[in-house]
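What follows is a structure written as structure tokens; I'll ask about it next.
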Amino acid sequence: MPLASPLMGKKKKPFLGMPAPLGYVPGLGRGATGFTTRSDIGPARDANDPVDDRHAPPGKRTVGDQMKKNQDDDDEDLNDTNYDEFNGYAGSLFSSGPYEKDDEEADAIYAALDKRMDERRKERRELREKEEIEKYRMERPKIQQQFSDLKRKLAEVSEEEWLSIPEVGDARNKRQRNPRYEKLTPVPDSFFSKHLQSGENHTSVDPLQGLGGLNTPYPGSMTPGLMTPGTGELDMRKIGQARNTLMDMRLSQVSDSVSGQTVVDPKGYLTDLNSMIPTYGGDISDIKKARLLLKSVRETNPHHPPAWIASARLEEVTGKLQVARNLIMKGTEMCPKSEDVWLEAARLQPGDTAKAVVAQAVRHLPQSVRIYIRAAELETDVRAKKRVLRKALENVSKSVRLWKTAVELEEPEDARIMLSRAVECCPTSVELWLALARLETYENARRVLNKARENIPTDRHIWITAAKLEEANGNTQMVEKIIDRAITSLRANGVEINREQWIQDAEECDKASSVATCQAVIRAVIGIGIEEEDRKHTWMEDAESCVAHGALECARAIYAHALQVFPSKKSVWLRAAYFEKNHGTRESLEALLQRAVAHCPKAEVLWLMGAKSKWLAEDVPAARSILALAFQANPNSEEIWLAAVKLESENNEYERARRLLAKARSSAPTARVFMKSVKLEWVLGNIEAAQELCTEALKHYEDFPKLWMMRGQIEEQCENMDKAREAYNQGLKKCPHSVPLWLLLSHLEERVGQLTRARAILEKARLKNPQTAELWLESVRLEYRAGLKNIANTLMAKALQECPNSGVYPVAEAVFLEARPQRKTKSVDALKKCEHDPHVLLAVAKLFWSERKITKSREWFLRTVKIEPDLGDAWAFFYKFELQHGTEEQQEEVRKRCENAEPHHGELWCAESKHVLNWQKKTGEILAQVASKIKNTF
């Protein structure tokens, strides 16, 4: 035993009975890691499980809420807003760390110090707080303290006095105690109709009519409320009168009659109501927001003028004009140097007040031009305006606007004196110099313009005005020199010569009838800045632009310059000739054409234009001489031969025409010459000679379809149907692609009653000539004329599939084959496929015409003839339309435009113009004839 005890004492460690240190993990030195079991931390719980406390507040009833709250409590607010330079952060920076024994000791020491310090100051603090409370109670006693003396006196009240105190009740009347909404019932129309019949005025509604007027008080009659008894219909005029009567009754009830005088004016009542209605139609909340925002802007920056202006305009829009005036006047006090604020104030104020505002503005802003102009506008008397403007010019003598406004009010002599002073004060104002020059005499104007050039050497308008001045006084030779000198001077002063601007100035000179100046400007600048190869193209575009702007002399000058540069260009001569034909005189056209044929003798069209001009002027010998000269320059020219023949035949010189055609057939035997020969004999009634010439021509030109057509038509005229059919068939063998030949043969068969053969011919023609619009159209019309509308519609559908982009079908028939409701849709489809096709436009115009939409129809007719002036049918329909719906001036205008256009195409037009009986008729006669045959079947 004595040996065992020392051994046991040696094996026992000194720390075995002691608690482990904080954070100790067994075996950490050997690489072990600490772990925690469920027994250490308790059972696992879901975040949605309820806590053990049954009476927990709403935000702490689940485990998740508790954990979230603890986590929020642990997070410290370390924002800059929670930091103080002296005390540091309001919370503890180390609250999330472990709370150890030394922390506990430190907290105990600090708590003891705080308690000691608090005990030293406790008495003084409590005394001070007591004094403050007593002082507060003296100033603001409680209601209980105020009535304390009355409460003490209640002890003296006897029981009888107490019982005699009345009960507290509602002193309001019954209507105020039990408010009921007013019920408004609209008066039925039967009430008005009944009492208007009887001529009585009532202020109450009949109880029998409480069901909306279904029962009327008339015995033995039951009429609907919307009908007047006896007539069966409602008289709306009388109902309006009845409502006026009711309004008068209400106004009478509202008015307070005191000794015969009414407080309310019934006539001005509605006017006052209108003045009370706000003009702004927006949302009220938007106005409130805007008003609040603008108030914030004014308070934040009271010296910001737009804030005051916007606030005033907001109130003005909402109908509060006086508030707007008060605001803007406050703005003038805060922003006395703002020009816009003063002008807005003057605008909002009435007449005399506005003058006072402007006078005040002038004192604050004596250099403001706009305020002086406003002051002058407010004056109604011209003398007062002049006085204001002269006062303004004393303060602001450099303002061009003030000078111009003042000069406009003066008489010419006074204006000249003022302008002479104005150019001294504003020597760089071109407008003032030019205005002074216009008022001066010729010599003085020259001096003024010379001074203006010295002061403003870089402005072109002074030079152009000088040129116009010389032209107006007859010195046209000086105009060219002045313009040339202007170009040189401006270039020397570093001014770039802008060609477009100078051409615009020339157009203005043209409109001001300064022709010489206009032409001089054009000649001076027309070639500036253009490449040599682009000159012709650019000049032609410039001329067309001038014509479009109405500057004809500018265009004439451009053409003249182009002809000098390009004297041998036929296209330039033609453009110039067409310009003179459309906008010039006959003499100017003939003079131009004489020069043209001298430079371009091989241009047949120029010779023909000259001859036609002479012929239209009824100078036939001159036309013959021109054509003779043309023969010399262009021997064996088909065009000139035929023009000579036409000249002789139109003037009834048939023998001369025959001789000319015989010479032409020998020297220039072309197909057209033979055709004209046959045509001449045919129209003159020499059928045998025509047939012989036709047979001879077909020997030379059997592939010319017009000869076969003429042969067949001559036989048809002679009622030789078999020979006509034979001529057409022979022609189709030689010319199978001639659509008119197929159509003539089809018409022949239809005329003789062979409908089946005509249909077969058209089908064969469509096989030979696929996608030919005219053949499909004739097939549709053939079936339509035969009364087979279903077959016609089927064929039209096929035609539209095969020729979708041909304007003839959608226009001529497809639109008007449909029923009226579908026509508009069909026309829209046609316009989408063929937007610029004249037949489509013509169909749309006819569609509007059929719907009696006169203005739209006229617009579409104008569009049609503008796109295709050579379509005679369009002119005929247009003329027929104006005959029915237009004035005489409009009819005459259409006729003249048609004569100038000289149309040659169109189905109806060609049927009349090429008829042998109408061969000598003019364009106007043919127009009237075609229009007379048009029937409004659409």
Side-chain angles (χ1 to χ4, degrees), residues 543-552 555-556 574-590 592 605 608-609 612-613 615-618 646 650 807 811-812 835-849 853-914 918-934 936 938:
E544 290 175 2
S545 174
C546 291
V547 171
H549 296 156
L552 302 181
R556 188 172 281 114
L574 270 177
R575 284 174 178 264
Y578 284 125
F579 169 76
E580 293 295 344
K581 179 183 177 183
N582 294 326
H583 304 286
T585 60
R586 185 175 61 84
E587 291 77 10
S588 63
L589 173 62
E590 291 174 359
L592 180 74
V605 64
L608 296 177
M609 285 180 72
K612 186 173 182 179
S613 177
W615 171 49
L616 291 175
E618 298 181 355
K646 185 176 181 180
E650 292 285 348
V811 173
E835 184 179 359
H836 300 292
D837 192 286
H839 297 89
V840 175
L841 301 179
L842 180 59
V844 174
K846 288 158 64 178
L847 180 63
F848 283 127
W849 184 6
K853 295 179 179 178
I854 306 302
T855 306
K856 283 189 175 182
S857 180
R858 183 176 285 113
E859 290 175 2
W860 282 89
F861 274 125
L862 288 169
R863 198 175 302 179
T864 306
V865 297
K866 185 177 180 180
I867 285 181
E868 184 55 78
D870 196 46
L871 184 62
D873 289 2
W875 288 108
F877 277 104
F878 193 10
Y879 188 64
K880 178 77 172 182
F881 169 80
E882 294 296 356
L883 285 175
Q884 291 185 359
H885 303 287
T887 61
E888 291 184 4
E889 292 79 8
Q890 291 170 327
Q891 296 165 14
E892 187 66 20
E893 183 185 359
V894 172
R895 189 183 63 78
K896 285 183 178 178
R897 288 183 61 185
C898 179
E899 289 176 352
N900 292 333
E902 294 184 358
H904 296 93
H905 296 89
E907 188 179 4
L908 302 175
W909 185 269
C910 291
E912 293 298 324
S913 64
K914 294 189 176 182
N918 302 329
W919 70 285
Q920 279 188 317
K921 289 188 177 179
K922 305 289 190 234
T923 304
E925 297 172 345
I926 295 173
L927 176 68
Q929 195 166 339
V930 176
S932 65
K933 292 190 176 182
I934 293 175
N936 293 20
F938 46 84

I'd like to check the salt bridge (Lys or Arg N to Asp or Glu O under 4.0 Å) partners of Glu925; sequence neighbours left out, ordered by chain and number.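 None.
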
Just do the side chain to side chain contact (heavy atoms under 4.5 Å, CB included) check on Glu580 and Glu590 with the steps written out, would you? CA-CA 9 Å; Glu580 293 295 344; Glu590 291 174 359; over 6 Å; no

Can you confirm whether Val930 sits close enough to Tyr879 that some side-chain heavy atom of one is under 4.5 Å from a side-chain heavy atom of the other? no

Classify the ring geometry of Phe878 against Phe861: parallel below 30°, tilted from 30° to 60°, perpendicular beyond 60°. parallel

Electrostatic pair Arg895:Glu899 at N-O distance under 4.0 angstrom: yes

Using a 6.0 Å cut-off, check whether atom NE2 of His905 has over 12 heavy atoms from anything other than its own residue.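 At most 12 heavy atoms, drawn from other residues, nucleotides or ligands, come within 6.0 Å of this atom.
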
For Lys856, which residues count as a salt bridge (Lys or Arg N to Asp or Glu O under 4.0 Å) partner, sequence neighbours excluded? none

Glu882 side chain reached by Arg858 side chain, heavy atoms, under 4.5 Å: yes

Got Trp909 and Thr923 here, is their nearest side-chain heavy-atom distance under 4.5 Å?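 Yes; the side chains approach each other to less than 4.5 Å.
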
Show the numbers, then the answer: is there a side chain to side chain contact (heavy atoms under 4.5 Å, CB included) between His839 and Leu871? CA-CA 9 Å; His839 297 89; Leu871 184 62; 4.1 Å; yes

Where the side chain of Thr864 meets the backbone of Trp860, is there a donor-acceptor pair that is under 3.5 Å apart?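 Side chain of Thr864 to backbone of Trp860, a donor-acceptor pair under 3.5 Å: yes, one is there.
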
Are any non-hydrogen side-chain atoms of Arg897 and Trp875 less than 4.5 angstrom apart? yes

Mind running salt bridge (Lys or Arg N to Asp or Glu O under 4.0 Å) on Lys933 and Glu912 for me, showing each step along the way? CA-CA 10 Å; Lys933 292 190 176 182; Glu912 293 298 324; 2.7 Å; yes

Residues which pass side-chain contact (heavy atoms from CB on, under 4.5 Å) with Arg575, listed by chain and number, not counting sequence neighbours: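 Result, side-chain contact (heavy atoms from CB on, under 4.5 Å) vs Arg575: Met540, Glu544, Tyr559.
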
So does Thr887 get a backbone contact from the side chain of Gln890, meaning a donor-acceptor N/O pair under 3.5 Å?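 Answer holds: yes.
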
